[in-house]
Amino acid sequence: MPPNDQGPISVGIDIGSTATKAVVLTDRVLGQAVTPTGWDPKKAGLQVLDEALEAAGVAQDRVGAIIGTGYGRISLPIFTRRVTEITCHALGAHFLHPATRTVIDIGGQDCKVIALDEQGAVSDFIMNDKCAAGTGRFLQVMAASLDVSLEELGALAATAEPVPLSSMCTVFAESEVIGLLARGVEKAGIAAGIIDTIARRLHCLAGKVPLRDSVIFTGGIAQNCDICEKIAASLSTELHVPACPQFVGALGAALIGHEITTSFSPE
Ligand code: ADP
C-alpha cells in the first residue's frame with residue numbers, strides 16, 4: 001500500500017532531561033529531529049517541532065495533534081495531551097517490535113525497565129531517577145575521566161575484559177577511574193568495567209521487574225552498538241535495538257496523537 005501522506009498528521013515531542021526529540025507521523029514517520037534540552041525545555045520543544053516539520057516537509061497547520069512526553073512536557077503550552085514517558089516508551093516499543101515484553105530505557109538522567117503484556121500495555125515498571133548511576137550522565141562523566149568520546153568509550157570497551165569497579169555511584173566511580181589510570185591500568189579494561197557497572201545497575205532493576213523476552217533497548221545510549229553488545233553480554237540477554245532508539249518515546253507520543261486525529265477524521 002502506498003504511504004498515505006495526505007492523511008491526518010500527528011507529532012510526538014519527548015522533552016527529556018538531556019535531549020528533546022520530535023517525530024512527525026502519518027501512517028509512517030515523515031520526519032524527526034533532536035536537540036539538546038539545555039536550560040530551556042520550552043525553547044528546545046519548539047525548536048524540535050520546527051525542525052521535525054521541516055524535515056517532514058509539513059506545515060504546522062496540517063498537524064492534528066501534538067502530544068508531549070518526558071520530564072519537560074509540563075513546560076510547553078502547545079500540547080493536545082501530555083502523557084508519561086512510561087506509556088509512550090511502551091507504545092513506541094510495541095509498535096516497532098510487537099513481540100516486546102520488556103523495555104530497557106537509559107536516558108540522560110534516569111533508567112527504567114518497563115514490562116508489557118501481550119497487548120503492549122504497561123503491566124509493571126521500575127525507574128531510577130534518584131541518582132545518576134547507570135544513566136547517560138554516568139557514562140558522560142566516565143568518558144570525560146578517561147578523556148575519550150562516548151563512541152570511543154564503547155569501542156574501547158569492546159576490546160577488553162572488564163576491570164571491576166566497586167562503586168555504581170557516579171562520584172565514587174569517577175574517583176576510582178582516576179585512581180586506576182594513575183596506577184597505569186589500561187583504558188580499555190576500565191571502559192569495559194564502566195559498561196559492566198551500567199549492566200549491574202540494570203540487574204538491580206531487573207530484580208524488581210524481570211527481563212522477559214523480547215527485550216527492547218531504547219534511549220540515547222542504545223545508539224552505541226558497542227555498548228549495546230557489551231550490556232547484552234553482561235545481562236546474558238538478547239537485546240533488540242530499534243533503528244532510532246532515542247526516538248521511541250517521541251514515536252509513542254505521536255502514535256497517541258495519531259489515534260486522536262484518526263478518530264476525529266471523517267471516513
Ligand atoms: P533523555 O530523554 O533523558 O534526555 P535520551 O534517551 O535522549 O535521554 O539520551 C540522552 C543520553 O544519550 C545522553 O546522556 C548521552 O550521553 C547518551 N548518548 C547519546 N549518544 C550516545 C552515543 N553515541 N553513545 C553513548 N551514549 C550516547
Side-chain angles (χ1 to χ4, degrees), residues 12-23 32-45 47-48 51-52 67-76 82-90 92-93 96 103-114 127-146 148-158 170 173-174 191-192 194-199 201-202 216-232 239 241-254:
I13 301 183
D14 177 4
I15 306 181
S17 62
T18 308
T20 296
K21 289 77 62 178
V23 167
Q32 58 191 33
V34 57
T35 194
T37 302
W39 299 110
D40 192 344
K42 185 174 174 182
K43 186 170 161 214
Q47 186 181 325
V48 280
E51 289 176 3
I67 308 301
T69 189
Y71 101 107
R73 64 186 180 277
I74 44 160
S75 54
L76 259 188
R82 296 181 176 85
V83 183
T84 71
E85 55 264 44
I86 303 292
T87 301
C88 289
H89 272 92
L96 292 172
V103 180
I104 293 177
D105 178 74
I106 306 187
Q109 302 203 18
D110 67 23
C111 54
K112 39 194 173 282
V113 176
I114 308 167
M127 174 146 127
N128 160 42
D129 58 358
K130 299 282 182 288
C131 74
T135 68
R137 176 86 194 123
F138 172 83
L139 210 55
Q140 283 172 315
V141 171
M142 295 304 124
S145 320
L146 289 182
V148 296
S149 68
L150 289 170
E151 282 75 16
E152 287 166 335
L153 180 88
L156 272 173
T170 309
E174 186 184 19
I194 289 165
I195 309 298
D196 229 32
T197 304
I198 292 185
R201 189 77 190 101
L202 291 172
I216 187 167
F217 184 26
T218 67
I221 288 181
Q223 295 176 106
N224 190 312
C225 304
D226 291 320
I227 294 180
C228 293
E229 278 174 25
K230 209 75 187 166
I231 289 180
L239 293 181
V241 184
C244 298
Q246 197 174 16
F247 287 87
V248 173
L251 173 66

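Residue indices begin at 1 and follow the sequence shown. Atoms within each ligand, like the ligands themselves, are counted from 1 in listed order.
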Legend entry - Full working for side chain to side chain donor-acceptor pair (under 3.5 Å) between Thr37 and Thr20: CA-CA 5 Å; Thr37 302; Thr20 296; 2.8 Å; yes
Legend entry - Beyond-backbone contact of Val248 with Asp105, side-chain heavy atoms, under 4.5 angstrom: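 Side-chain contact under 4.5 Å: no.
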Legend entry - Whether Arg137 side chain and Cys131 backbone form a donor-acceptor pair below 3.5 Å: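 No; judged by distance alone, with no hydrogens or angles, the pair does not exist.
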Inset, instruction - Check for a donor-acceptor pair, side chain of Gln223 on one end and backbone N or O of Gly220 on the other, with a separation under 3.5 Å. - result: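 Answer holds: yes.
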Legend entry - Gap between atom OG1 of Thr35 and atom CD1 of Ile15 - 0.5 Å precision: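 So the gap between those two atoms works out to 11.5 Å.
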Inset, instruction - Would you please name every residue forming a side chain to side chain contact (heavy atoms under 4.5 Å, CB included) with Cys225, sequence neighbours left out? - result: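 Testing Cys225 for side chain to side chain contact (heavy atoms under 4.5 Å, CB included), a comparison that skips the adjacent residues, returns none.
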Between ligand 1 and the protein, which N/O pairs are shorter than 3.5 Å?
unit_1   : atom_1 : unit_2 : atom_2 : d
ligand 1 : 2 (O)  : Lys21  : NZ     : 2.7
ligand 1 : 3 (O)  : Ser17  : OG     : 3.2
ligand 1 : 3 (O)  : Gly108 : N      : 2.8
ligand 1 : 4 (O)  : Ser17  : N      : 3.3
ligand 1 : 4 (O)  : Thr18  : N      : 2.7
ligand 1 : 4 (O)  : Ala19  : N      : 2.7
ligand 1 : 4 (O)  : Ala19  : O      : 3.4
ligand 1 : 6 (O)  : Gly220 : N      : 2.9
ligand 1 : 7 (O)  : Lys21  : NZ     : 2.8
ligand 1 : 7 (O)  : Gln246 : NE2    : 2.8
ligand 1 : 8 (O)  : Gly108 : N      : 2.9
ligand 1 : 9 (O)  : Gly220 : N      : 3.2
ligand 1 : 16 (O) : Gln140 : NE2    : 3.4
ligand 1 : 20 (N) : Gln223 : NE2    : 3.2
ligand 1 : 23 (N) : Glu151 : OE2    : 2.9
ligand 1 : 24 (N) : Asn224 : ND2    : 3.2

